[in-house]
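Here the structure comes first, spelled out in structure tokens, and everything after it is commentary.
Hydrogens, waters and symmetry mates play no part in the numbers below; they use all other heavy atoms, side chains included.
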Amino acid sequence: MRRHRSRLPKAGVCLLALLVLAGAVYAVWGAFLPAAYMGDGMFTTGQANTEQEWRAVWISYLEYQQMDLSGEESARAEFSAVFDNVAAAGFNTVVAQVRPFGDALYASSVFPWSHLLTGTQGQDPGYDPLALMIELAHERGLRLEAWVNPYRVQGGKTPATLAPENPAVLWQANPETSGWVHLTDTGLWYDPGVPEVQALIVQGVTEICANYEVDGIQFDDYFYPTTDETFDASTYAAYSNGQALADWRRSNVDNLIQQVGQVIEECGHSLVFGISPQGNRANNYDQQYSDIARWAQEGWVDYICPQLYWGFDYRTESGSDAFAFQNCLQSWCAVPRAENVALYIGLGAWRVGEGDGSAVSSQEWYTGQNLAKQVAALREASAQGYAIYRYDSLWNGANDLCASELAALAKQNGVA
């Protein structure tokens with residue numbers, strides 16, 4: 001994959017800097033980590049086809065909660081059924097969540113095993129879910145991208161108990177590093193302004209790229225969890241060098257995106273790096289301190305996939321139509337992007353039979369074909385693909401409309 005990024009220092013220097021940062025992390029908690037997992041070898045040929053429309057389905061931890069992933073046999077049956085359905089409907093990509101809560105659905109030397117597998121974080125399930133998903137997806141001609149939530153350790157009270165070897169637990173137990181992890185009203189989060197946190201996340205991405213035949217890495221729409229100035233006051237005092245708080249926070253996320261993009265580029269195969277931000281551009285910039293437009297223009301990512309979860313006729317209570325699907329789509333299409341940075345659109349299947357909160361547009365979500373109409377609209381606007389959030393909302397939907405929407409989408413995908 002050719003990229004057009006504002007590059008960091010030369011590869012050797014960059015690698016050295018990464019190793020130094022990783023060493024700083026290891027100095028604090030490395031002694032508590034298991035031996036590094038070594039896969040069967042580096043992946044040398046990518047599955048990505050940038051000439052083909054990207055048609056993706058998100059598989060989240062919410063799906064995993066409904067599956068039996070406690071052993072390889074049951075997991076194989078669960079994933080096989082999902083991937084069969086995805087392929088049959090004309091989709092070509094699965095975006096599977098592999099690090100939802102500072103844990104891993106793969107053999108990691110950095111993060112503990114996810115509680116979603118056995119019920120207990122840190123407990124080895126006896127097989128490798130990511131390796132299994134890749135095998136099953138590729139057998140069906142599907143690409144598989146690994147979806148990572150970079151900063152979240154706990155969402156609310158999920159998982160209820162963290163493994164003792166979890167980096168967040170080790171850091172909290174040490175007075176010198178306890179300020180690297182913060183509790184908010186939405187859960188427990190790593191501090192994006194701490195260099196060791198950035199090194200931890202980069203190290204986690206590096207091992208996925210090195211050990212697994214994934215076709216991409218995707219970050220979702222969770223960056224800074226709050227605008228509260230007290231969240232990272234001590235970190236800001238230590239590292240800001242006089243920058244305004246908002247600018248400094250954005251620079252921290254910028255640094256992470258650049259580092260991750262560089263690591264992915266240096267993997268040496270056709271691996272893509274994507275971001276799926278909120279559809280509300282102002283929220284991304286002002287509330288989560290993620291400058292999506294800059295990342296796209298600088299070429300630090302291979303694609304952006306904003307989540308446009310509103311209907312064509314959506315109106316706010318004040319009467320604004322800024323987030324009506326067509327208007328929001330045009331707003332994102334107007335964002336300057338470097339060559340080879342694609343624009344995909346995230347669509348909200350969870351709205352089907354539920355509405356989007358607008359009295360004007362909610363009726364659209366009861367037609368059985370709104371998602372297909374949105375696909376037609378984004379194609380007309382020259383967006384290069386789309387993703388459906390999420391699998392359960394269509395294939396295991398709570399109402400008959402979901403089957404109609406799925407059939408209409410399959411027809412849009414060329415499936416009779």
Is the backbone N or O of [Y] less than 3.5 Å from a side-chain atom of [X], with the two atoms forming a donor-acceptor pair by type?
X    : Y    : answer
E207 : S108 : no
T93  : A56  : no
N92  : E53  : yes

May I ask you to decide if the ring planes of Y64 and F79 are parallel, tilted or perpendicular, using 30° and 60° as cut-offs? perpendicular

Tell me whether the rings of W54 and Y344 are parallel (<30°), tilted (30 to 60°) or perpendicular (>60°). parallel

Using a distance-only test with no angle check, is there a side-chain donor-acceptor pair under 3.5 angstrom linking Y303 and Q218? yes

Is there a donor in the side chain of T206 and an acceptor in the side chain of Q203, or the other way round, less than 3.5 Å apart? no

Per side chain to side chain donor-acceptor pair (under 3.5 Å), D247 is matched among Q243, R250, R249 by R250

Can you give the donor-acceptor pairs under 3.5 Å from side chains of residues 152-164 to other protein atoms, not counting sequence neighbours?
residue: R152; atom: NE; partner: P100; partner atom: O; Å: 3.0
residue: R152; atom: NH2; partner: P100; partner atom: O; Å: 3.1
residue: Q154; atom: NE2; partner: P159; partner atom: O; Å: 2.7

Between R76 and E135, is there a salt bridge with N-O shorter than 4.0 Å? yes

Under 6.0 Å from the six-membered ring centre of W300 and within 45° of its axis: does the NZ or CZ of R294 meet both? no

Can the ring centroids of Y236 and W248 be said to lie less than 6.0 angstrom from one another? yes

Compare all side-chain heavy atoms of Q121 with those of W113 and state whether any distance is below 4.5 angstrom. no

Please walk me through it: do E364 and K373 pass salt bridge (Lys or Arg N to Asp or Glu O under 4.0 Å)? CA-CA 10 Å; E364 299 173 23; K373 288 182 176 180; over 6 Å; no

Less than 3.5 Å apart, which donor and acceptor atoms pair up between the side chains of residues 305-313 and the rest of the protein, not counting sequence neighbours?
residue: Q307; atom: NE2; partner: S276; partner atom: O; Å: 3.1
residue: Q307; atom: NE2; partner: S276; partner atom: OG; Å: 3.1

